[in-house]
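Both counts, for ligands and for their atoms, begin at 1 and track the order of listing. Quantities reported herein were computed from a predicted structural model and do not represent experimental measurements.
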Amino acid sequence: MSEVMAPERADFTIEQQWSAYSAEEHAIWRTLFHRQEEILRERACPEFLAGLAGLGVAADGIPDFRRLNSLLGAATGWTIVAVPGLVPDAVFFAHLANRRFPSTCFIRRADQLDYLQEPDIFHDIYGHVPMLMNPIFADYMQAYGKGGLKALGLDSLHRLARLYWYTVEFGLVRSPAGIRIYGSGIVSSKGESIYCLESPVPNRIGFDLLRIMRTEYRIDDFQASYFVIDDFAQLFAATQPDFTPYYEQLRVTSDLAPETILPGDVVLHRGTKDRQDR
Ligand code: PHE
Ligand code: CO
């Protein structure tokens with residue numbers, strides 16, 4: 001007998017079993033959806049809002065991956081695959097490298113609307129899939145998957161994990177109307193959607209690839225620093241080079257605590273040190 005259950009399929013995918021969701025589970029999705037609709041109208045970036053609009057079926061209730069996939073596939077060639085939860089790094093990266101996004105299937109309970117530490121289907125689908133409707137971001141995610149497989153062999157996975165965290169999960173982007181959200185971990189959280197833009201507490205710093213790869217992150221609280229890209233073309237261009245020499249360079253640098261501000265940072269907002277007053 002093994003301690004870890006072996007997956008039925010080598011790529012860890014399962015069936016979503018959409019018809020098994022209860023009316024209550026669909027209602028939780030709709031509550032979360034409508035709450036975020038209100039909050040994100042003026043806070044999410046235009047690319048996220050356009051992607052969400054393009055996935056119109058997502059408003060009805062927990063989406064059936066088969067229906068989402070026909071829209072997503074037509075837009076950028078990505079496919080959502082169902083997984084039971086976290087999958088091994090190499091499996092996750094291999095999915096991304098093949099334009100497959102692994103999503104959980106379960107939805108949080110009604111008493112967990114505001115906070116959940118592990119990803120659920122609302123985070124994975126509502127948070128991530130709208131950005132996968134954007135051609136540049138879709139290519140970025142695939143490149144990330146390929147880079148992940150490479151980083152595994154170069155003992156530098158933590159570097160790439162930080163990049164994912166500060167872009168895909170918690171990224172902000174400039175827009176003519178002001179700073180906007182594109183990070184999935186933010187858009188699927190009511191509290192952080194407001195906090196990341198409006199609270200004086202966290203830093204908001206211009207995107208800097210190598211600097212981000214030195215920066216530790218928090219998984220159990222709102223972020224202490226957010227990194228702001230100019231646009232998705234900048235993010236894509238900055239991550240195109242082979243990272244192998246970057247990983248070498250980074251070996252002689254120190255890691256940075258999440259709240260650190262460096263002399264070379266482009267500081268858009270210097271956070272107040274007192275994290276009590278959020
Ligand atoms: N260019 C990176 C590498 O050589 C791959 C990558 C692309 C990583 C996009 C992250 C995002 O490893
Ligand atoms: Co996520």
Side-chain angles (χ1 to χ4, degrees), residues 32 36 44 48 51 78 80-87 89-108 115-132 134-171 181-189 192-193 196 207-215 217-220 222-223 227 229 231-251:
L32 291 165
Q36 287 311 91
F48 176 86
W78 274 75
I80 300 154
V81 293
V83 291
L86 290 179
V87 300
D89 294 324
V91 173
F92 178 69
F93 292 136
H95 279 303
L96 296 186
N98 289 288
R99 290 174 101 83
R100 290 190 299 262
F101 187 75
S103 171
T104 51
C105 300
F106 80 98
I107 192 153
R108 66 194 72 185
Y115 188 74
L116 195 67
Q117 192 153 328
E118 44 175 345
D120 70 341
I121 191 172
F122 187 73
H123 168 78
D124 285 334
I125 299 299
Y126 182 92
H128 286 278
V129 179
M131 288 307 299
L132 290 174
N134 178 272
I136 302 179
F137 201 82
D139 287 350
Y140 172 68
M141 286 288 275
Q142 179 178 26
Y144 183 90
K146 293 180 182 170
L149 292 171
K150 193 167 75 183
L152 275 174
L154 296 172
D155 205 20
S156 295
L157 197 57
H158 61 299
R159 305 287 179 203
L160 267 198
R162 290 169 183 172
L163 177 62
Y164 192 88
W165 191 264
Y166 284 117
T167 60
V168 177
E169 294 291 353
F170 292 96
I181 305 164
Y182 72 91
S184 312
I186 305 176
V187 295
S188 61
S189 157
E192 197 151 6
S193 293
C196 71
F207 174 85
D208 177 337
L209 177 68
L210 288 160
R211 195 264 193 234
I212 287 175
M213 292 202 284
R214 294 174 58 194
T215 312
Y217 57 84
R218 300 212 167 103
I219 61 162
D220 58 351
F222 293 161
Q223 300 307 302
F227 291 91
I229 58 173
D231 52 35
F232 294 102
Q234 177 202 24
L235 176 62
F236 189 73
T239 51
Q240 277 313 285
D242 180 1
F243 284 8
T244 311
Y246 296 168
Y247 297 147
E248 281 311 309
Q249 250 173 277
L250 288 166
R251 284 185 210 284

Going by the order shown, which atoms of ligand 1 are within less than 4.0 Å of some heavy atom of [X]?
X    : value
P241 : 1 (N), 2 (C), 3 (C), 4 (O)
K150 : 3 (C), 4 (O), 12 (O)
Q240 : 1 (N)
G147 : 5 (C), 12 (O)
D242 : 4 (O)
A143 : 5 (C), 6 (C), 7 (C), 9 (C)

So F243 and Y247, would you call those rings parallel, tilted or perpendicular, with 30° and 60° as cut-offs?
->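 If you compare the ring of F243 with that of Y247, the planes turn out perpendicular.
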
Relative to each other, are the rings of Y182 and F137 parallel, tilted or perpendicular (30° and 60° limits)?
->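 Plane angle over 60°, so perpendicular.
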
Could you tell me whether L163 approaches ligand 1 through its side chain, its backbone, both or neither, with non-hydrogen atoms closer than 4.0 Å?
->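 The side chain, only.
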
Under-4.0 Å heavy-atom contact with ligand 1, by part of A151 that carries it =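 For A151, there is no contact with ligand 1 at all, from either part.
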
Could you tell me whether F243 and ligand 1 have an N or O pair separated by under 3.5 Å?
->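 In this structure, F243 places an N or O atom under 3.5 Å from an N or O of ligand 1.
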
Just distances here: any N/O of T244 and N/O of ligand 1 closer than 3.5 Å?
->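 No - when backbone and side-chain N and O of T244 are compared with those of ligand 1, no distance drops under 3.5 Å.
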
Flag the pair R214 and D208 as a salt bridge only when some basic side-chain nitrogen lies within less than 4.0 angstrom of an acidic carboxylate oxygen.
->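 The answer is no: the pair does not qualify as a salt bridge.
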
So, [X] side chain and [Y] main chain: donor-acceptor pair closer than 3.5 Å or not?
X    : Y    : answer
T104 : G85  : no
S184 : V168 : yes
Q142 : A97  : yes
S156 : L154 : yes

What do you reckon, is CG of D242 surrounded by more than 12 foreign heavy atoms closer than 6.0 Å?
->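 Atom CG in D242 is packed in, count exceeds 12.
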
Minimum-distance protein heavy atom relative to atom 11 (C) of ligand 1 =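 Sorting protein heavy atoms by distance from atom 11 (C) of ligand 1 puts Y140 CE1, 3.4 Å first.
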
What is the closest protein heavy atom to atom 7 (C) of ligand 1, and at what distance does it sit?
->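 Of every protein heavy atom, T239 O, 3.3 Å lies nearest to atom 7 (C) of ligand 1.
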
Atom name in E169, limited to N/O/S, at shortest distance from the Co ion (ligand 2) =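 Closest to the Co ion (ligand 2) among those atoms: OE2.
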
So, S193 versus Q36: side-chain donor-acceptor pair below 3.5 Å or not?
->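 Side chains of S193 and Q36: pair found under 3.5 Å.
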
